[in-house]
Amino acid sequence: MSVGVVVDSVGCVPQDVADELDMEIVPLSVAMDGSTYRDGVDLSPREFYQRLAAGPPYPTTSAASLADYVAAYQRTADKGYDEILSVVLSRELSTSIDTATAAAEQVDLPVRVLDSRTAAAPEGMIAVAAARRARTGAGLEEVLARAHEVAERTSLIAVIPDLMPLYRGGRLNAVQAGVGRLLQITPLVTIRDGVVQVAARERTLRRAADRLVSVVRSASGGRPTTVWAMEAGGRELAEQLAARVQEAVPLAGPMRWTAFTPVMGAHTGPGVAGVGYSLGEL
Amino acid sequence: MTTGGEEATATTPSLDPAALLAAVIAFRDRMLAREDEVNGLNVFPVPDGDTGTNVLLTLEAALAAVDPALAIHDPDGSRPTLRGPLATVTGNEATDPADVCQALTRGIILGARGSSGVILSQAVVAVLSTITTTTAPPGQVLAAALERARAAAYAAVAQPVEGTILTVLSASAAAASAAADLPLPDLTELVAVEARAAVARTPTLLPALARAGVVDSGGRALSYGFDALAEVTGGRPVPLPPPAGHAVLIPADAADATLAPPAEQPPEGGGRYEVVASLRTDDSGAGLLRDRWRSMGDAVVVSGADGIWRGHVHTDDPEEVLAAARELLGDTAVDNVTRTDLHAQIAAQEPTPPSVHADGSPHPRPTSAGLRVVAVVEGDGLVRAYTELGAEVVDAGAASPSVQDLLDAIEGSPAGEVVMLPNHSTVAPAAEQAGQLASKPVHILPARHPLAGLAALVAFDPAADRAANLTAMRAALQRTRAGRVAPVVREAVGAVGPVRPGQWLAISGREVVGVGSTPVEAALALVDHLLTPRTEVVTVAWGPPVTEEQVAQLREELSRRSPGAVVDALAAGHHDAFLISAEEMPDEEGTVP
């Protein structure tokens, strides 16, 4: 009994990690300038953020296609796996989970679809931890239990340094976000209960950075922590934050760099920077 | 004293609901005539201090609750469109007195606006609840009621300040207690006289008033209430006193105010000792004594009948006035003498601990149904900023919000628990009242400026628990210094020199910190006062008196003076020229490993 792990492109699993753990990545779709691209396949996050920064009309994202999901499951079966754990971004953020579930009926092996209740690095971390457990020969239930266990102690925190592109594009409802458009407020976002939420608001970027570091530090509590840095076209800030987090918490393994998923980036704007973090090793 | 039997009782004026209602109407009519005067009793010569309006609207709300026809304002507190013949009580004779009491009580509690309105409402409620629960003679009822009102008012303010409406209420209660056996008309007259004297004394207790050359506005309003009560229960008209003058002196600044002792010489209502005595005399003897005492002291009341009289006077030399009485009426005609040191009495007022709501801890229920912020804000821009940041806003644009307005916002919030940002010192007492009446826990933070409140709101995290939020919001308030720039509306003199209309004053808290010939000049004086080396964020909210060019000019100056600070400017639409806050960076908690 061997379990193969499939995750959508929103999980931002670095390609080398996916290769090492033999994971399949299902691309979500990005519609841009009249064409549809597959996230991470036909369009790199870098290209996406450059396009996003260029102004309207803004790219839009949509769920993964049924064909891509069926293909990913089929490839996993072809590689000799008996069962599949399909890790999907939160139902509140995308309808991908329905596609992932529908695709499961079109393949001959058992597929368990897991709503990760999150997205971006935390989703990827859950998938990676599950894949690692699967590599030890664990069965589906045990792999699933491992995914739940890691999900409990995994989160993300990111800074949105500039809200103006979003306001201009009408992409952020200020009232919903709880962020004043009239003030220079730097929000920190996280994903809670499956949805993107403003975790904190600060009046300056410097304070927001302090806040981000202190959030990760208090979550870590001095214990070894896995950290994935996330960037969305604003490498300088992302590097500063990553360096400060690295100083503030003991790392469980080397820090990985991930591109902040365009699916969220389309809503938060370019320049978002932050970290996904998970207590302990994956 | 009640020797007249049933017939006498029937003709003796009593403190019944109808009399109270009539007194409230008479009070309202006085406030209608004196609204501007009381509004003008402001220590700063800028558009400000709406005590007169707040008291008037508080009384209107009370009357409207009894019968909408009695009020002449619209229920929302907007200006009366027509000031026709005033309503009278006669239409209410069919009404059940108990209903009148209930309606008055409810109306005045919920309709109270501003700190004076709230204290006043407590006084009226105390009288109403006392008259409905005791059958004692009216004088004793009034004395008990005023004592109750005094206790309630002192308990309601976190830090009672003398030289305010509290002092006037306190003096009236003391006078009523000392003379509770007088017939009601005499007692109410005496209380009214005492109240007026206490108003005149307020500048000796509060240096800011002395410097401004004004009496306390809330005290003045309350004194009109006692005049109204005296008129209604005494059956004699009590004329309006000459209007009080506007402020001509501006209080200097905090340092100056703390260095300077309160003015030594009592103003026209002074006299350190209150002397009360029983007198055996007749009308002519009483008249002689009245004239004699008036040449020696203040607050003179000599009243009574059937050979039993009471005398009351304020003087610096009690023995002198008593000697004069014995000389006129005979040695044995003066007894039951009490001498009260008014200064000592005032000094003895113990500060009451702040209301439980100010702290938040006594509420047993932790947040579970969610915590939200309710804030009192004025001006479109600020209302929008607060709303975008997730607060429920009570718009203070038209008038200081009533207890009902605040209560509506609290109850209307979907949250199970509310954090309140009153944002103005005058709103705080109404917020306390609303917090006590609310069906859910209300935590009232000491925010006294809309931009300080904004700093607290930015620190609010809907997902965090109550304790964390209150701590973070309080810390934000402590880090934030704020002030405003307003136009001078009348000539005055202060530590900043003489000021005149056309100039602009910079005010922070209760201090004038600068004056300028343009709003920007005054704003820069304010900025110099607010900014510290640790200032990290400067927020400027500007109103209609200011042009965009002036805002740009101020921004430019700010970036020169405080290059490290983030400067935000927003068109707030409030009535001041500028509201400015300076927020310091927090302690380096965030970077210590």
Side-chain angles (χ1 to χ4, degrees), chain A residues 155 157 159 161-164 166-167 172-193 195-218 220-222 225 240-241 243-251, chain B residues 372-373 377 379-393 451 454-464 468-469 472-473 475-476 479-480 535-542 555 564-573 581-593:
Chain A
S155 188
I157 181 90
V159 168
D162 184 7
L163 289 168
M164 285 322 287
L166 285 171
Y167 288 141
L172 183 62
N173 180 329
V175 176
Q176 281 169 7
V179 179
R181 153 190 3 219
L182 302 163
L183 302 165
Q184 296 177 57
I185 283 179
T186 306
L188 290 104
V189 294
T190 186
I191 300 177
R192 240 186 322 243
D193 304 326
V195 295
V196 181
Q197 293 189 358
V198 173
R201 311 176 281 219
E202 296 288 354
R203 285 295 293 279
T204 65
L205 186 55
R206 190 193 70 80
R207 261 199 229 169
D210 288 352
R211 183 71 170 258
L212 182 144
V213 172
S214 87
V215 164
V216 181
R217 184 173 44 236
S218 77
S220 156
T225 304
Q240 282 173 17
L241 292 173
R244 288 190 57 190
V245 168
Q246 207 157 356
E247 281 171 26
V249 303
L251 294 186
Chain B
R372 291 192 67 163
V373 177
V377 184
D380 293 350
L382 279 169
V383 168
R384 222 167 78 214
Y386 267 79
T387 308
E388 286 186 350
L389 288 166
E392 331 268 344
V393 168
L451 295 182
L454 194 65
L457 181 58
V458 170
F460 177 74
D461 174 3
N469 267 313
M473 294 175 85
R479 288 199 306 266
T480 307
T535 297
E536 192 181 28
V537 183
V538 179
T539 307
V540 176
W542 48 284
R555 286 191 79 120
V566 168
V567 178
D568 259 330
L570 64 99
S581 72
E583 193 178 340
E584 295 192 336
M585 63 185 87
D587 296 331
E588 293 298 303
E589 182 273 327
T591 52
V592 179

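Letters A, B, ... mirror the listed sequences (proteins, then strands); counts begin at 1. Side chains included, hydrogens not; waters and symmetry mates left out as well; all remaining heavy atoms used.
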Spacing of B:D461 atom CG and A:L188 atom CG [to the nearest 0.5 Å]: 10.0 Å
Which region of A:A199, side chain (C-beta onward) or backbone (N, CA, C, O), has a non-hydrogen atom less than 4.5 Å from a non-hydrogen atom of chain B, or is it both or neither? backbone
Turns out that what part of B:V458 lies under 4.5 Å from chain A's heavy atoms comes down to both
Rounded distance [0.5 Å steps], CZ in A:R206 versus CE in B:M585: 5.5 Å
Nearest 0.5 Å, please: how far is CZ in A:R207 from CD in B:E536? 4.0 Å
Is it the side chain or the backbone of B:Y386 that comes within 4.5 Å of chain A heavy atoms, both, or neither? neither
In terms of heavy-atom contacts, A:R203 and B:T539 come closest through NH2-OG1, 2.7 Å
